[in-house]
Amino acid sequence: MSEQTNPVLTFKDFQSDQEVRWCPGCDDYIILRAMLKALPEMGRKKEDFVFVSGIGCSSRFPYYVGTYGIHGIHGRAAAIATGVKLANPELSVWVMTGDGDAMAIGGNHFIHLIRRNINIKIVMFNNEIYGLTKGQFSPTSLIGQKTYTSPYGNIQPPFNPGQLTIGSSGKYFARVPGNDPKMMEELFVKAEKFKGTASIEVLQNCVIFNDGAFEEITNKETESENQIRIEHGKKMIFGKNKDKGLILKGFKLEVVNIGENGITEDDILVHDAHEADPTLHLMLVRLQNPVVMGEIRRIEETSYDEVYVERMESVAKKSPFKNLDEMFFSGDTYVVE
Amino acid sequence: MSEQTNPVLTFKDFQSDQEVRWCPGCDDYIILRAMLKALPEMGRKKEDFVFVSGIGCSSRFPYYVGTYGIHGIHGRAAAIATGVKLANPELSVWVMTGDGDAMAIGGNHFIHLIRRNINIKIVMFNNEIYGLTKGQFSPTSLIGQKTYTSPYGNIQPPFNPGQLTIGSSGKYFARVPGNDPKMMEELFVKAEKFKGTASIEVLQNCVIFNDGAFEEITNKETESENQIRIEHGKKMIFGKNKDKGLILKGFKLEVVNIGENGITEDDILVHDAHEADPTLHLMLVRLQNPVVMGEIRRIEETSYDEVYVERMESVAKKSPFKNLDEMFFSGDTYVVE
Amino acid sequence: MTEKKLKLTGGTVDSVVIRFVGDSGDGMQLTGTQFSDTSAMMGNDIATFPNYPSEIRAPQGSIYGVSGFQVQIGHATVHTPGDEVDVLVAMNPAALKTNLSSVPVGKTIIVDTDSFNKKNLQKAEYDENPLLTGELNNFVVIEAPITTLTRESIADIGLDNKAMTRSKNMFALGMVFWMFSRPLKYTETFIDKKFAGKTQLIEANKRALRAGFNFAETIELISSAYTILPAKMDPGIYRIISGNTATAWGFLAASEKSGRPIFLGSYPITPATEILQELTAKKYFGAKTFQAEDEIAGISTAIGASFSGHLAITTTSGPGLALKGEAIGLAVMTELPIVIVDVQRAGPSTGLPTKPEQSDLLQAMYGRHGESPVIVVAAKSPADCFNMAFEASRLAMEHMTPVILLTDGYIANGSEPWKIKKTEDLPIIYPNDLKSSREEWMPYKRDPETLAREWVLPGTPGFEHRVGGLEKKDGTGDVNQSPENHQLMVKLRAEKICRVKNNIPLMQVDGAQEGDLLVIGWGGTYGSLFTAVNHLFESGQKIGLMHFSYLNPMPKNTEEILKKFKKFIICELNMGQLHTVMNSKFPEYDYFKFNKVQGLPFTVLELTQKFEQILNNQ
Amino acid sequence: MTEKKLKLTGGTVDSVVIRFVGDSGDGMQLTGTQFSDTSAMMGNDIATFPNYPSEIRAPQGSIYGVSGFQVQIGHATVHTPGDEVDVLVAMNPAALKTNLSSVPVGKTIIVDTDSFNKKNLQKAEYDENPLLTGELNNFVVIEAPITTLTRESIADIGLDNKAMTRSKNMFALGMVFWMFSRPLKYTETFIDKKFAGKTQLIEANKRALRAGFNFAETIELISSAYTILPAKMDPGIYRIISGNTATAWGFLAASEKSGRPIFLGSYPITPATEILQELTAKKYFGAKTFQAEDEIAGISTAIGASFSGHLAITTTSGPGLALKGEAIGLAVMTELPIVIVDVQRAGPSTGLPTKPEQSDLLQAMYGRHGESPVIVVAAKSPADCFNMAFEASRLAMEHMTPVILLTDGYIANGSEPWKIKKTEDLPIIYPNDLKSSREEWMPYKRDPETLAREWVLPGTPGFEHRVGGLEKKDGTGDVNQSPENHQLMVKLRAEKICRVKNNIPLMQVDGAQEGDLLVIGWGGTYGSLFTAVNHLFESGQKIGLMHFSYLNPMPKNTEEILKKFKKFIICELNMGQLHTVMNSKFPEYDYFKFNKVQGLPFTVLELTQKFEQILNNQ
Ligand SMILES: Cc1ncc(C[n+]2csc(CCOP(=O)(O)OP(=O)(O)O)c2C)c(N)n1
Ligand SMILES: Cc1ncc(C[n+]2csc(CCOP(=O)(O)OP(=O)(O)O)c2C)c(N)n1
Ligand code: SF4
Ligand code: SF4
Ligand SMILES: [Mg+2]
Ligand SMILES: [Mg+2]
């Protein structure tokens with residue numbers, strides 16, 4: 001069950017025989033396609049993938065991928081996946097979840113999975129709404145957002161998924177727009193190679209209950225001004241004309257125009273996704289304008305499952321007993337005749 | 001039920017008639033005394049306090065305070081307290097909880113309470129162990145820590161409660177050593193005045209199952225070298241001789257010796273607890289040597305309960321109906337004769 | 001449009017069942033509701049049953065995307081949405097395919113021929129067009145190019161194709177209105193309101209509606225329309241109400257009559273979410289609602305709010321009730337009033353989340369650790385949700401205990417006429433407030449009659465006290481671990497619930513008051529059970545119906561009634577959960593069981609057949 | 001030391017009950033365990049019952065800080081730790097006060113007079129010193145200044161006062177060893193191991209032990225010691241085992257015999273934590289354990305691990321079982337094997353968390369939404385936990401279903417001799433692995449006999465499939481919402497559990513095989529019930545015991561047995577939960593109930609009296 005390159009597998013091989021049942025126009029279709037294209041590129045056997053989800057529109061995902069999968073119960077995908085992975089660390093385990101599934105009812109398992117740094121990938125479809133239950137606000141809904149449970153406007157301040165990931169001592173966070181299959185595909189492949197918990201936020205448009213939530217950010221016209229796509233080791237530059245960039249000013253990031261006020265490309269910050277200290281990453285996940293896309297944080301350490309396996313092995317080596325019987329009969333036993 | 005100064009109340013008035021039942025030598029006694037001393041200073045009526053807890057040694061706390069109180073179920077104190085407070089926003093509501101109660105089973109309610117910024121104070125007794133159940137590792141136990149459920153050493157990386165608070169978009173975080181009743185007393189009084197969710201971590205020594213966990217930090221001999229006590233608007237200086245301080249170097253805090261390498265007091269950072277941007281606060285909660293004590297973050301915004309009340313009132317004003325009957329009989333009704 | 005094979009004849013009928021079916025996007029729920037409301041306002045009794053798919057918007061034309069709305073209208077009181085369909089309106093092949101089996105031979109089917117194209121037929125898994133194969137020969141099939149006609153009728157308004165097509169449900173509705181001689185004015189007013197400000201849409205929908213009506217009238221082929229006379233209902237002012245709205249309003253009324261503000265802490269879940277939504281929208285009556293992070297937080301906030309003196313409620317469905325079990329135990333121990341509403345859906349696990357079932361009864365009765373008895377009540381129809389929400393609140397606060405209110409997806413989404421209650425006609429609720437003096441008072445001092453402890457709120461000077469989940473000393477409420485005290489408290493908590501029977505109405509039997517067969521049911525099956533029993537009773541059988549609204553404790557006269565019958569049958573939409581309870585409470589009687597677990601209500605027919613079989617000793 | 005009032009005479013006795021009581025810090029659990037183990041090794045049968053306070057370390061000398069350990073040793077088989085105490089060792093006034101009522105007149109009480117000082121008397125709420133008031137006149141009171149004597153005996157070792165005092169339990173143990181003619185060598189070896197490397201402590205403890213022994217021997221006042229002959233037990237090799245350890249070991253054996261590695265996902269909770277701790281410590285056998293963030297995560301990880309092919313387990317107590325209800329439903333729907341252990345404690349809510357009770361039976365049977373049947377089994381004694389953990393695992397994997405194993409705090413912490421099983425003598429477990437070819441296989445294809453679906457693990461090429469909580473189509477396992485399929489699947493899931501009865505042993509009745517009174521029980525009360533029934537049976541009564549290990553489904557011959565008796569009494573440490581189940585399964589019989597809810601086991605005496613009363617028709 002170890003890794004291998006398997007050049008034969010294609011998009012089609014990863015499709016399941018189930019009809020896809022999201023609303024027409026939903027970004028979930030785009031995410032699915034991106035994943036189906038990414039999977040063959042990961043160079044692993046089909047039977048070694050397990051997709052685990054909770055409940056929600058997004059959580060229907062596993063049914064549509066022809067690998068192993070579990071459509072679990074609401075909020076528990078991270079915990080179920082933990083069991084799948086620890087029982088068989090050779091598997092490539094993916095949690096497909098929504099903003100409600102992962103951060104409302106599932107918040108605890110989400111932060112604990114991240115804290116433990118188990119080699120599991122979390123793809124969170126953040127549409128800032130509960131889709132499946134037909135439109136209530138979620139933990140990422142904005143202040144003022146009108147939904148069926150906030151008809152006068154939402155008053156609960158939202159989580160920032162990236163900030164919550166860092167708060168949970170997360171080692172990996174990436175963000176990607178739900179309308180960019182290319183970027184998703186690349187990111188999924190990269191994330192698969194990361195040894196630890198990868199937390200990936202997809203800004204996913206729900207056409208029915210929260211249409212246009214990310215319009216300003218993801219709109220093809222304006223995206224290059226409103227998004228910054230960063231890469232480790234590269235300057236953090238954006239704008240249609242690549243004429244804007246980020247610099248550090250005291251404790252804060254600032255957007256500057258290259259060529260103005262004597263600012264040159266050299267002044268622009270280089271992204272360091274590998275720096276263990278999360279300071280820069282916290283700034284980046286919080287940035288509102290532009291919104292940062294890409295691998296914001298990627299700190300490769302030994303993952304929990306690796307340590308877990310090592311520990312199992314090292315303890316086994318020191319076992320005081322050859323087998324169970326030996327333990328049963330060890331110590332204070334006595335004979336009745 | 002509004003605030004008032006009540007000079008009559010004393011320590012004794014806040015004691016309950018129940019015998020205190022922690023292990024002899026437990027820091028919990030110190031926290032209790034500090035609270036009993038702080039309460040009269042808050043200038044509120046005794047009957048307006050409600051102490052809410054979950055399950056754990058720490059969670060026995062409400063029984064020992066002669067105010068209103070709920071000893072709830074494991075992990076749910078934050079949610080129970082939310083109900084108490086929203087139902088009656090005039091009350092001063094305190095969550096007394098442990099590292100397990102708040103961050104293991106109660107993790108979800110903890111982060112959501114913080115996110116919502118309800119005017120509730122959380123005092124987390126962090127002893128890095130499950131005390132009541134007799135010594136299993138907790139979400140703050142250190143890597144390698146030997147407990148009954150980690151006889152070969154803990155392998156789960158811990159949460160940093162301050163970092164988790166910031167990750168949850170928290171507006172207030174303070175840390176205090178469990179052996180310093182004076183500092184606790186002051187802090188409790190200050191926190192009570194804060195309008196929003198205050199997350200307070202007490203480094204609490206469990207003499208039975210994790211004795212000495214904070215010895216290096218809280219030991220009276222070395223505390224002034226290993227702790228830095230900060231205050232908003234003051235220079236971040238520490239050391240027995242007040243000869244060390246913090247400065248910013250790129251993305252990181254650095255400890256410097258005042259008077260060495262040309263460093264003067266002027267170079268030392270001034271603590272800004274009120275800055276909404278959490279960058280500095282994240283650095284401070286993560287600092288290991290020295291460990292930061294005091295109000296690290298204190299951002300006063302409108303609290304959720306205030307907005308909640310306003311919203312109730314503003315909607316009520318626009319009510320389309322004078323009373324229930326009017327609604328019952330409104331719209332499409334018809335008469336059967 | 002052509003009339004096929006059989007002649008459609010109008011006339012006056014007693015009751016008629018109409019089912020509108022189409023794609024989730026076709027607006028069938030709205031169409032059905034308009035038809036029902038209009039009929040109710042004309043004085044018919046109605047009962048409705050929306051049946052929608054679990055997908056939000058399944059791909060167009062697909063079988064699992066079919067959404068339906070059924071209504072029975074009658075000039076006599078109707079208690080169910082009906083078993084068999086008299087008129088089926090099928091907007092596409094998938095809708096026809098999945099609903100045909102409910103239409104008896106000879107009944108009417110209206111189809112939109114425009115939708116019977118190759119793509120849609122394929123999606124519906126039809127090899128050939130059923131309109132052409134002759135397989136519908138035994139039905140009155142009304143084929144109308146509804147889409148085309150709709151578009152034509154509104155072509156000049158300036159909407160795009162998609163928007164125009166959206167009005168086709170109004171066209172269909174217009175046709176049915178004409179068939180049953182309903183006026184258009186209610187729906188027209190509705191359209192004005194719904195699309196306020198969007199004049200184009202108002203115009204389009206109204207025109208399509210009228211076009212459908214006119215089309216039906218003008219084509220010769222419908223020789224005459226059905227007429228349904230108004231039902232003989234209690235005089236009074238009525239409105240149509242769904243179960244979830246009625247539940248929310250029942251709580252509002254209970255709040256008014258108890259003087260305790262509402263606090264609702266909930267997490268959304270189908271089919272319970274509307275209660276949260278309704279109370280949130282009606283915030284202006286002072287109801288505090290809180291969308292929590294999960295079900296456990298939902299009930300925990302309610303417990304906190306109860307401690308603070310509110311009428312505390314949490315609403316959910318089966319999976320959520322499972323999650324709340326531990327916290328209910330805390331409310332049992334702390335003896336705080338809360339109401340837990342479980343709008344049941346088909347399980348286990350996620351099951352069939354949009355379909356009704358009655359399979360949470362045992363969970364409600366026993367789904368907690370330790371000996372933790374609570375009051376369990378159930379609503380029997382959409383309008384009855386109002387009564388039982390009120391009752392649940394009353395009992396919780398008068399007896400200081402958690403109460404579980406069971407409804408189900410069938411009555412929660414279904415609607416019926418509700419004879420509006422004036423709040424002044426509702427009983428006053430007397431929460432068990434502080435009545436002792438400071439000297440006598442203790443946190444667990446009990447009312448000698450009900451055994452309820454007094455509800456003392458934070459903010460009350462001099463009465464500071466702590467409650468919690470550890471066993472409490474009788475009286476003082478101090479933590480206490482002594483064996484005798486524990487036994488005493490377990491018994492007191494049980495006895496407290498038991499005594500609630502002194503505060504609930506006696507059981508009223510429908511039909512025969514004694515005799516051969518006692519039908520036993522509970523909750524949302526009342527309509528079907530009553531109709532079947534009443535039918536047989538009126539035809540001379542000695543059959544009665546004992547239908548439980550109060551399940552724990554049961555009414556005092558329950559056993560008395562059992563004694564008066566020879567045979568018993570317990571009918572439930574589960575595998576026999578009330579059967580388990582009845583056996584445990586009244587093991588002396590021999591109960592037949594009739595169970596259905598299909599995510600569907602009973603049909604009157606299957607019940608009648610079963611009862612006849614038993615009455616005839618087969 | 002002085003002997004008071006009554007003469008203490010030694011001799012040979014059948015069985016003796018000794019209870020050690022003192023402060024939580026006094027080491028009474030250790031003392032009791034040493035006495036029990038030593039007795040077991042001498043060939044006595046033993047049964048123990050530790051009874052500790054819920055505080056970790058309550059203030060010294062306080063009433064609620066009293067910790068006790070009771071053991072019955074016998075030369076005949078003993079089944080309970082005994083009702084009444086023959087020898088009470090009370091290390092302080094609080095211990096005396098809280099335990100005196102268990103000591104019948106004429107029995108022996110050993111007290112440490114040093115501890116009867118003013119402070120301790122006050123804490124125990126004694127107004128006067130009971131050693132002086134004469135209130136102990138009817139007992140054989142052995143007053144010994146144990147603390148002083150201990151200190152003196154080890155004064156020269158160089159320990160400080162506090163450390164010296166800590167050895168006083170060894171002194172007391174030495175005295176009791178002498179009374180019952182036990183050798184010191186086991187405890188000496190134990191001391192060597194426990195304090196390895198700490199020579200001072202080894203020396204102190206050993207010396208104190210011997211000093212106590214010698215003290216008892218040399219003082220004239222104990223004229224002769226008790227002797228207990230070895231019990232007549234099955235020949236074999238034995239060890240003393242506690243219920244929680246036995247549970248853990250049973251799982252290890254099941255793992256070995258099924259070839260499936262263990263995965264245990266749990267959250268600590270008293271009194272279940274030791275199972276997690278034991279399996280974690282025994283990691284070297286390949287058992288994977290995972291301390292999760294909460295109970296829901298615990299079971300969810302187990303479900304994931306089950307999908308990955310492990311013998312998946314989660315352990316908890318009542319409040320945790322309540323939290324796991326929803327997830328159990330998922331395992332029911334996905335038909336994945338998991339074992340859920342509930343070590344019951346006294347509820348509701350937090351209740352009396354360190355005291356045993358049997359009040360989670362109904363929760364285990366019914367505590368989930370929807371129709372979600374699972375296998376329920378229970379262990380009847382500490383050693384039987386091994387068998388039932390093994391059985392639970394076997395049934396889960398052979399039938400592809402969740403299994404709930406009920407034990408309780410009484411047997412989980414109690415210990416008894418276990419006749420060690422060789423793994424080769426245990427039956428092989430046959431998980432329902434993939435056996436179909438790729439062509440025939442479907443995710444929900446069932447074994448025609450058991451109806452279990454095949455367990456196919458990720459990593460198996462060509463068999464990729466998805467499971468989940470939505471209703472599944474029979475066979476294919478596709479998501480399916482059709483009414484008929486739902487009904488079919490509900491029935492199949494029920495039938496699958498029902499057929500487990502073909503794979504469990506028949507019920508064996510103890511005592512009379514037919515006759516007047518059938519005592520019915522389940523789980524951890526076996527010892528008391530058996531002893532009482534056997535006593536009456538041997539004295540000629542036609543009384544039998546039907547004790548359930550398999551509660552759902554029940555053994556096939558259950559009804560057959562019921563038919564052979566005239567009267568029935570169901571005895572439980574709850575308010576009548578098995579009574580509810582029996583009434584629902586076999587309503588034709590009339591059951592008496594005998595219930596106790598005190599956080600304490602039955603006494604043989606109270607049972608015998610009750611049975612006699614019924615036998616005598618009172
Ligand atoms: C225990 C439980 N509680 C509540 C629900 C109802 N529910 C299903 S999905 C969902 C929220 C879905 O939101 P999200 O995770 O954001 O997914 P989306 O549909 O938006 O993709 C809720 C509340 C449930 N199925 N189970
Ligand atoms: C639902 C539930 N799960 C588990 C437990 C057992 N339990 C009680 S307290 C506790 C942990 C306590 O740790 P912490 O919150 O750190 O408190 P401390 O005792 O250390 O102060 C646990 C696991 C419980 N009472 N209820
Ligand atoms: S409701 Fe929203 S998120 Fe769900 S499938 Fe439809 S568009 Fe997508
Ligand atoms: S176990 Fe630890 S935390 Fe609990 S009371 Fe004792 S010393 Fe304090
Ligand atoms: Mg969402
Ligand atoms: Mg702790």
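What you see below is based on every heavy atom in this structure, not just the backbone, and it leaves out hydrogens, waters and symmetry mates. Within every chain, numbering begins at 1; the chains are lettered A, B, ... in the order of the sequence lines, protein sequences first and strands thereafter.
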| task | Please check if the side chain of B:Arg286 supplies one atom and the backbone of A:Thr279 the other of a donor-acceptor pair under 3.5 Å. | result | no
| query | Heavy-atom distance under 4.5 Å to chain B: side chain of A:Leu269, backbone, both or neither? | reply | side chain
| Which atoms of B:Leu282 come close to chain A, meaning under 4.5 Å heavy atom to heavy atom: side chain ones, backbone ones, both, or neither? | side chain
| task | Select one option (side chain, backbone, both, neither) describing which atoms of A:Ile114 are under 4.5 Å from chain B's heavy atoms. | result | neither
| field | Check: B:Pro139 main-chain N/O paired with A:His112 side-chain donor or acceptor under 3.5 Å | value | no
| field | Region of A:Leu248 that comes under 4.5 Å of a non-hydrogen atom in chain B | value | side chain
| query | So what's closer than 4.5 Å to chain B heavy atoms on A:Pro278: side chain, backbone, both or neither? | reply | both
| message | Run the ring pair (Phe, Tyr, Trp, His ring centres under 6.0 Å) test against B:Phe251 and tell me which residues pass, sequence neighbours left out. | response | none
| remark: Ranked by heavy-atom pairs below 4.5 Å to chain B, first place among A:Ser314, A:Gly153, A:Gly106 goes to A:Gly153
| query | What pairs with A:Tyr308 under ring pair (Phe, Tyr, Trp, His ring centres under 6.0 Å), at least two apart in sequence or on another chain? | reply | A:Tyr304
| note | Among residues 165-175 of chain B, those lying within the under-4.5 Å heavy-atom range of chain A are B:Ile166, B:Gly167, B:Ser168, B:Ser169
| field | Region of A:Arg115 in contact with chain B, defined by heavy-atom distances below 4.5 Å | value | both
| Heavy-atom pair count under 4.5 Å with chain A, highest-scoring of B:Arg311, B:Met283, B:Lys252 | B:Arg311
| What distance separates B:Phe159 CZ from A:Arg116 CZ, expressed to the nearest 0.5 Å? | 8.0 Å
| Between A:Asn108 and B:Ala104, is there a donor-acceptor pair closer than 3.5 Å when you use the side chain of the first and the backbone of the second? | yes
| said: Heavy-atom cut-off 4.5 Å, strictly under: side chain, backbone, both or neither for A:Ile155 against chain B? | reply: both
| request: Please name all residues satisfying salt bridge (Lys or Arg N to Asp or Glu O under 4.0 Å) with A:Lys234, sequence neighbours left out, ordered by chain then number. | output: A:Glu231
| task | With a 4.5 Å cut-off on heavy-atom pairs, point out which of A:Asp277, A:Val285, A:Val307 contacts chain B the most. | result | A:Asp277
